[in-house]
Amino acid sequence: MRLSLKLVPSILAVWWCSAPLAESLNLKFTNAQCEVLDKSFGSFEKCYLKALDRHNVSLDLYLKLYQLPLKSLKWHAQLFHRGNGFRPLLYNNTMDFCLFMKNPKRWMFWKIIWDAVLPYTNLNHTCPINHDVIIKSLILQMDMIKLIPFPPNTYMLRLRYFNDKSSGVEVRVNIDHY
């Protein structure tokens, strides 16, 4: 069977379009904002991004807690995507953080996100929390979210930590998926 030269561009186009996109996509932090909602809960000693190179930006966060030990902690986690401003995207949960740490599989999406953060933090145990919270040099990689097929866009992850006595703190990070 002879291959016509007219078919070569079509075959190359099909091959190019069917190649996996994940290898050419990147993740990068573009903004981080940390806000203390209750001064008696804690304060941020660090909350910044550091550009390592064109495609790698690391997140450093240090939250000094004042109400130690924390025996109960709740968190409100939301994911937004950009589209004429930031719009809510599917995931909006309020959870007991202590229960989440005991059984994270109950909230599978947040477990995938948490597993990506876990190697970079000292918050790797269940309650009570009796120390400050540190995230050191967190760099996003595509293999961290390989189970979540997100299209390229800008996303915002908003996490609010609080308990019954305090309105707590809020962390917002913008992530480019390009």
Side-chain angles (χ1 to χ4, degrees), residues 22-23 25-37 41-53 55-81 89-150 153-163 166 168-178:
E23 295 166 1
L25 294 176
N26 292 312
L27 285 175
K28 178 171 77 168
F29 288 114
T30 56
N31 192 13
Q33 298 172 326
C34 300
E35 183 179 354
V36 177
L37 304 173
F41 186 81
S43 65
F44 286 100
E45 303 215 346
K46 288 183 186 177
C47 179
Y48 62 85
L49 299 177
K50 181 179 179 185
L52 304 174
D53 61 41
H55 298 292
N56 291 317
V57 176
S58 69
L59 170 69
D60 284 285
L61 187 139
Y62 186 100
L63 173 62
K64 183 157 187 65
L65 295 172
Y66 298 145
Q67 302 176 1
L68 295 176
L70 286 175
K71 294 182 181 174
S72 73
L73 185 65
K74 295 186 182 347
W75 67 326
H76 183 82
Q78 292 177 286
L79 183 67
F80 296 85
H81 68 103
L89 178 74
L90 293 180
Y91 303 101
N92 182 3
N93 301 99
T94 302
M95 303 163 269
D96 185 322
F97 187 74
C98 301
L99 287 176
F100 173 79
M101 290 301 288
K102 286 180 184 173
N103 185 14
K105 289 181 183 177
R106 187 170 173 194
W107 297 276
M108 199 59 193
F109 173 78
W110 298 113
K111 179 194 180 314
I112 293 168
I113 301 296
W114 186 250
D115 286 346
V117 174
L118 199 55
Y120 303 93
T121 185
N122 67 341
L123 199 55
N124 55 4
H125 56 83
T126 59
C127 295
I129 298 167
N130 55 8
H131 54 79
D132 298 340
V133 177
I134 300 169
I135 296 176
K136 183 156 178 69
S137 301
L138 170 60
I139 301 169
L140 297 175
Q141 303 292 332
M142 280 306 295
D143 61 342
M144 291 176 167
I145 62 161
K146 61 186 170 195
L147 298 174
I148 309 171
F150 283 121
N153 199 346
T154 299
Y155 295 92
M156 179 175 68
L157 182 63
R158 181 166 55 183
L159 303 170
R160 188 172 149 240
Y161 292 90
F162 60 97
N163 60 19
S166 169
V169 297
E170 182 173 289
V171 176
R172 292 179 300 280
V173 291
N174 292 9
I175 300 167
D176 272 355
H177 183 222
Y178 59 98

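FYI, side chains are in, hydrogens and waters are out, and symmetry mates aren't considered; it's all heavy atoms of this structure. Computed from a predicted model, the values in this text were never measured in an experiment.
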Novice: Would you say that H55 contacts Y178 through its side chain, given a criterion of any heavy-atom pair below 4.5 Å between the two side chains?
Specialist: yes
Novice: Start with the C-alpha distance between T94 and F162, add both sets of side-chain angles, then the distance that settles side-chain contact (heavy atoms from CB on, under 4.5 Å), and finish with yes or no.
Specialist: CA-CA 10 Å; T94 302; F162 60 97; 4.1 Å; yes
Novice: As an exercise, state the distance from NZ of K28 to CG of N56, rounded to the nearest 0.5 Å.
Specialist: 9.0 Å
Novice: Which pair of non-hydrogen atoms, one from S166 and one from F41, has the smallest distance, and what is that distance?
Specialist: OG-CB, 3.2 Å
Novice: Test of understanding: with salt bridge (Lys or Arg N to Asp or Glu O under 4.0 Å), list the residues that count as partners of K111, not counting sequence neighbours.
Specialist: D115
Novice: Could you tell me whether the side chain of N122 and the main chain of D132 form a donor-acceptor pair under 3.5 Å?
Specialist: yes
Novice: Taking all non-hydrogen atoms of both residues into account, name the closest pair between K102 and T126 and its distance.
Specialist: CG-CG2, 3.5 Å
Novice: May I have all residue pairs that pass salt bridge (charged side-chain N to carboxylate O under 4.0 Å, His left out) and include part of residues 168-178, sequence neighbours excluded?
Specialist: E35-R172, E170-R172
Novice: Where is the tightest heavy-atom contact between L49 and T30, given as atom of each residue plus distance?
Specialist: CD1-C, 3.6 Å
Novice: Taking only residues two or more places apart in sequence, or in another chain, which ones meet P119 in a side-chain contact (heavy atoms from CB on, under 4.5 Å)?
Specialist: none
Novice: Which residues pass the side-chain contact (heavy atoms from CB on, under 4.5 Å) test with E45, sequence neighbours left out?
Specialist: Y62, K64
Novice: Please report the closest heavy-atom contact between W114 and L123, naming both atoms and the distance.
Specialist: CZ2-O, 3.2 Å
Novice: Any side-chain heavy-atom pair from I113 and I148 closer than 4.5 angstrom?
Specialist: yes
Novice: Of all residues at least two apart in sequence or in a different chain, which pass the salt bridge (Lys or Arg N to Asp or Glu O under 4.0 Å) check with R158?
Specialist: none
Novice: If you apply the rule side-chain contact (heavy atoms from CB on, under 4.5 Å), what do you find for F44 with V171, and how did you get there?
Specialist: CA-CA 10 Å; F44 286 100; V171 176; 3.8 Å; yes
Novice: With side chains defined as the heavy atoms from C-beta onward, is the minimum distance between F109 and L79 less than 4.5 Å?
Specialist: yes
Novice: Mind checking the CG-CG spacing from L70 to N163? Nearest 0.5 Å is all I need.
Specialist: 6.0 Å
Novice: For Y48, what residues pass the ring-ring contact (aromatic ring centres under 6.0 Å, His included) criterion, not counting sequence neighbours?
Specialist: none
Novice: Which heavy atom in V36 sits nearest to a heavy atom in G42, and how many Å separate them?
Specialist: CG1-O, 3.3 Å
Novice: Between N174, L89, I175, which is the residue that forms a side chain to side chain contact (heavy atoms under 4.5 Å, CB included) with M156?
Specialist: N174
Novice: Just how far is it from atom CG of L61 to atom NZ of K46, taken to the nearest 0.5 Å?
Specialist: 10.0 Å
Novice: Do V133 and L65 have side chains that approach each other closer than 4.5 Å (heavy atoms only, starting at C-beta)?
Specialist: yes
Novice: What residues, two or more places apart in sequence or in another chain, satisfy side chain to side chain donor-acceptor pair (under 3.5 Å) together with N92?
Specialist: H76
Novice: For R160 and L37, work out which heavy atoms get closest and say how close.
Specialist: NE-CD1, 3.5 Å
Novice: Supply the atom-to-atom distance I129 CD1 to C98 SG, rounded to the nearest 0.5 angstrom.
Specialist: 6.0 Å
Novice: Who pairs with Y66 by ring-ring contact (aromatic ring centres under 6.0 Å, His included), at least two apart in sequence or on another chain?
Specialist: none
Novice: Who are the side chain to side chain donor-acceptor pair (under 3.5 Å) partners of N124, not counting sequence neighbours?
Specialist: none
Novice: Any donor and acceptor pair, going by atom type alone, linking the side chain of H177 with main-chain N or O of F150 inside 3.5 Å?
Specialist: yes
Novice: Using the side-chain contact (heavy atoms from CB on, under 4.5 Å) criterion, which residues pair with K71? Sequence neighbours excluded.
Specialist: P69, P128
Novice: Mind checking side-chain contact (heavy atoms from CB on, under 4.5 Å) for M95 and listing every partner two or more places apart, or none if nothing turns up?
Specialist: W75, A77, N93, F100, W107, W110
Novice: Side-chain donor-acceptor contacts of residues 134-147 below 3.5 Å, not counting sequence neighbours, with atom names and distances?
Specialist:
none

Novice: State the CG-SG distance between L59 and C47, to the nearest 0.5 angstrom.
Specialist: 6.5 Å
